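A short write-up of the structure that comes next.
Chain identifiers are assigned alphabetically (A, B, ...) following the order of the sequence lines, protein sequences preceding nucleic acid strands; residue numbering begins at 1 within each chain. The analysis underlying the following values was restricted to heavy atoms, covering all of them including side chains, and did not include hydrogens, waters or symmetry mates. Remember, it's a predicted structure, so these values are computed and weren't measured experimentally.
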2 protein chains.
Amino acid sequence: MEPAGTGLGREGERMAAVDLSTHPGHLARRLQQAHSLLWGAMVSEETTSPQFAVLNALLEKPGMDQRTLSEHVHLDRSTIADIVARLAGRELVERVRDPADGRRNVLKLTEYGRRVHGKLVTRTGRMNRVFLAPLDGEERETLLRLIARVAGAAEELRG
Amino acid sequence: MEPAGTGLGREGERMAAVDLSTHPGHLARRLQQAHSLLWGAMVSEETTSPQFAVLNALLEKPGMDQRTLSEHVHLDRSTIADIVARLAGRELVERVRDPADGRRNVLKLTEYGRRVHGKLVTRTGRMNRVFLAPLDGEERETLLRLIARVAGAAEELRG
DNA sequence: CAGAAATACTCAGCACACTGAGCAATTCCT
DNA sequence: AGGAATTGCTCAGTGTGCTGAGTATTTCTG
């Protein structure tokens, strides 16, 4: 299965360097980085992609608390707190303490937040077409499906 | 080509929420995050995946300066400086001013750095098998190839 | 050879993303 | 009802990753 898998170099080489282009983690980082650069150029410099994910989730399910939101967009509770604080500071999101349960922050989009989301949806569609331009329709679908499968499985490993 | 592409909601909905699982950027972030979690559990808590990429590049081409290194691993010059500083602090990497060109830092692995790299290579192989376990052999190859194509093309867009 | 351009790096500032510790509020159990 | 466990959030600390400004060194040009 592995022709020269362990990478025993010739002569006195102790351990050969590895080809990073076969490492999914390295590729994932490059992909994410390339995406975030393109996002800044084609979608928005103010609102980042994770921020958009939060806006989108809150449009779909207003009234969520931060924990539920964090599960929804697959982000850490602390990270969500940071992002929500920034969005609240920019008046895109309204965050109020739940009077019925004093632990929770109840989150909703503001009218302005809905407007911004709408604008970003359009631009995001354009950007995704450019981003995936090197692939044909079937390849695009395959890529998204395979990433979702690997990411989903890895996320399962630690609830 | 797009059955209901623009997402015009029924009734008075202004702009429907989007399905993030069709957004490569969101999936890329999840993939990277899941990977980094698994890395911490299966490979190393001290040495991160980008740090390993740097060690690996320096094993392959000792004597590089930071700029060359940054192109090699697709990381920013500032980010490389941070990472190299951490690795140098842990005595994994030797960083000396080039006497022939006082602008450059010449970088090399220490003997200790080579030992650490060797240990990580083995563990990284194990981890990658677990990470990609949900896919069969052909799917793995496809996933890596498609990511590399999209990332490479996007990196081209801005030299 | 002196000034200008290019190169390599550093530094500050911001955003994301995690862990672990701690606080406050609620719920559960006796 | 009262103490324990759970839940939701915040805060501090670390690492990754970018931009933009600034510094030092080398190279290019007149």
Side-chain angles (χ1 to χ4, degrees), chain A residues 25-26 28-41 44-54 63-71 73-90 95-107 154-155 158, chain B residues 25-26 28-41 44-54 63-71 73-90 95-107 151 155 158:
Chain A
H26 187 249
R29 188 187 52 70
R30 284 177 53 194
L31 186 66
Q32 209 233 318
Q33 194 47 50
H35 174 271
S36 112
L37 241 24
L38 194 58
W39 178 283
S44 170
E45 301 207 357
E46 300 85 38
T47 308
T48 64
S49 167
Q51 285 175 12
F52 172 73
V54 165
M64 275 195 286
D65 62 33
Q66 293 183 187
R67 180 165 206 85
T68 312
L69 175 58
S70 81
E71 283 161 12
V73 297
H74 299 277
L75 279 171
D76 187 80
R77 306 103 201 114
S78 297
T79 304
I80 283 290
D82 280 346
I83 293 176
V84 166
R86 268 175 227 118
L87 293 174
R90 287 170 55 209
R95 173 181 48 167
V96 292
R97 214 82 198 191
D98 187 346
D101 184 341
R103 293 169 300 183
R104 302 185 175 196
N105 286 332
V106 173
L107 307 171
E155 283 159 0
R158 19 219 109 249
Chain B
H26 187 249
R29 190 188 51 72
R30 283 177 54 194
L31 185 66
Q32 209 234 317
Q33 194 47 50
H35 174 272
S36 113
L37 241 25
L38 195 58
W39 178 284
S44 169
E45 301 206 354
E46 301 84 40
T47 308
T48 64
S49 167
Q51 286 174 10
F52 172 73
V54 165
M64 275 193 286
D65 63 32
Q66 293 183 186
R67 179 167 208 83
T68 312
L69 176 58
S70 82
E71 284 161 12
V73 296
H74 299 277
L75 279 171
D76 187 80
R77 306 104 204 110
S78 297
T79 304
I80 284 291
D82 280 346
I83 292 177
V84 166
R86 269 175 225 118
L87 293 174
R90 286 169 55 207
R95 173 181 47 167
V96 292
R97 215 81 197 189
D98 186 347
D101 184 340
R103 293 168 300 182
R104 302 184 176 198
N105 286 332
V106 174
L107 307 171
E155 282 159 1
R158 18 219 109 249

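- Atom CD of A/Gln66 sits about 12.0 Å away from atom CG of A/Leu75, to the nearest 0.5 Å.
- What you find for B/Arg29 and A/Val73 is that their closest heavy atoms are NH2-O, 2.9 Å.
- Residue B/Glu155 contributes atom CD, which lies 10 Å from atom P of D/dC18 at whole-angstrom precision.
- With sequence neighbours left out, B/His35 forms a ring pair (Phe, Tyr, Trp, His ring centres under 6.0 Å) with B/Trp39, B/Phe131.
- As a whole-Å value, the separation of A/Ile83 CD1 from C/dC18 C1' is 12 Å.
- One finds a salt bridge joining A/Arg104 and A/Asp65 here, because a Lys/Arg side-chain nitrogen approaches an Asp/Glu carboxylate oxygen to under 4.0 Å.
- Atoms CD and OG, on B/Gln32 and B/Ser36 in that order, are 6.5 Å from each other to the nearest 0.5 Å.
- Atom CH2 of B/Trp39 and atom C1' of C/dT19 are 19 Å apart (whole Å).
- Side chains of B/Gln33 and A/His74: no donor on one and acceptor on the other come within 3.5 Å.
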Please tabulate, one pair per line, each protein N/O and nucleotide N/O from nucleotides 8-12 of chain C that are separated by under 3.5 Å, including the distance.
{"unit_1": "C/dA8", "atom_1": "OP1", "unit_2": "B/Arg104", "atom_2": "NH2", "d": "3.3"}
{"unit_1": "C/dA8", "atom_1": "OP2", "unit_2": "B/Arg67", "atom_2": "NE", "d": "3.4"}
{"unit_1": "C/dA8", "atom_1": "O3'", "unit_2": "B/Arg103", "atom_2": "O", "d": "3.4"}
{"unit_1": "C/dC9", "atom_1": "OP1", "unit_2": "B/Gln66", "atom_2": "N", "d": "3.0"}
{"unit_1": "C/dC9", "atom_1": "OP1", "unit_2": "B/Asn105", "atom_2": "N", "d": "3.0"}
{"unit_1": "C/dC9", "atom_1": "OP2", "unit_2": "B/Gln66", "atom_2": "N", "d": "3.4"}
{"unit_1": "C/dC9", "atom_1": "OP2", "unit_2": "B/Arg67", "atom_2": "N", "d": "2.8"}
{"unit_1": "C/dC9", "atom_1": "O3'", "unit_2": "B/Asn105", "atom_2": "ND2", "d": "3.3"}
{"unit_1": "C/dT10", "atom_1": "OP1", "unit_2": "B/Asn105", "atom_2": "ND2", "d": "3.4"}
{"unit_1": "C/dT10", "atom_1": "OP2", "unit_2": "B/Gln66", "atom_2": "NE2", "d": "3.2"}
{"unit_1": "C/dC11", "atom_1": "N4", "unit_2": "B/Ser78", "atom_2": "OG", "d": "3.1"}

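- The stretch residues 45-53 of chain A comes close to DNA chain C through A/Thr48, A/Pro50, A/Gln51, each having a heavy atom under 4.0 Å from the strand.
- In this structure, B/His35 places its NE2 atom 15 Å from C1' of C/dC18, rounding to the nearest Å.
- Rounded to whole Å, atom P of C/dT7 lies 19 Å from atom CD1 of B/Ile80.
- B/Arg90 has its CZ atom 12 Å from the C1' atom of D/dG15, to the nearest Å.
- With B/Arg77 contributing its side chain and B/Arg67 its backbone, the two residues share no donor-acceptor pair below 3.5 Å.
- Remark: B/Asn105 CG to B/Ile80 CD1 distance equals 12.0 Å, nearest 0.5 Å.
- Straight-line distance from the CG atom of B/Asp98 to the P atom of D/dT26: 9 Å, rounded to whole Å.
- Taking CG of A/Leu31 as the reference point, atom CG of B/Leu31 lies at 8.0 Å (rounded to 0.5 Å).
- To the nearest angstrom, P of D/dT14 lies 17 Å from CG of A/Asp76.
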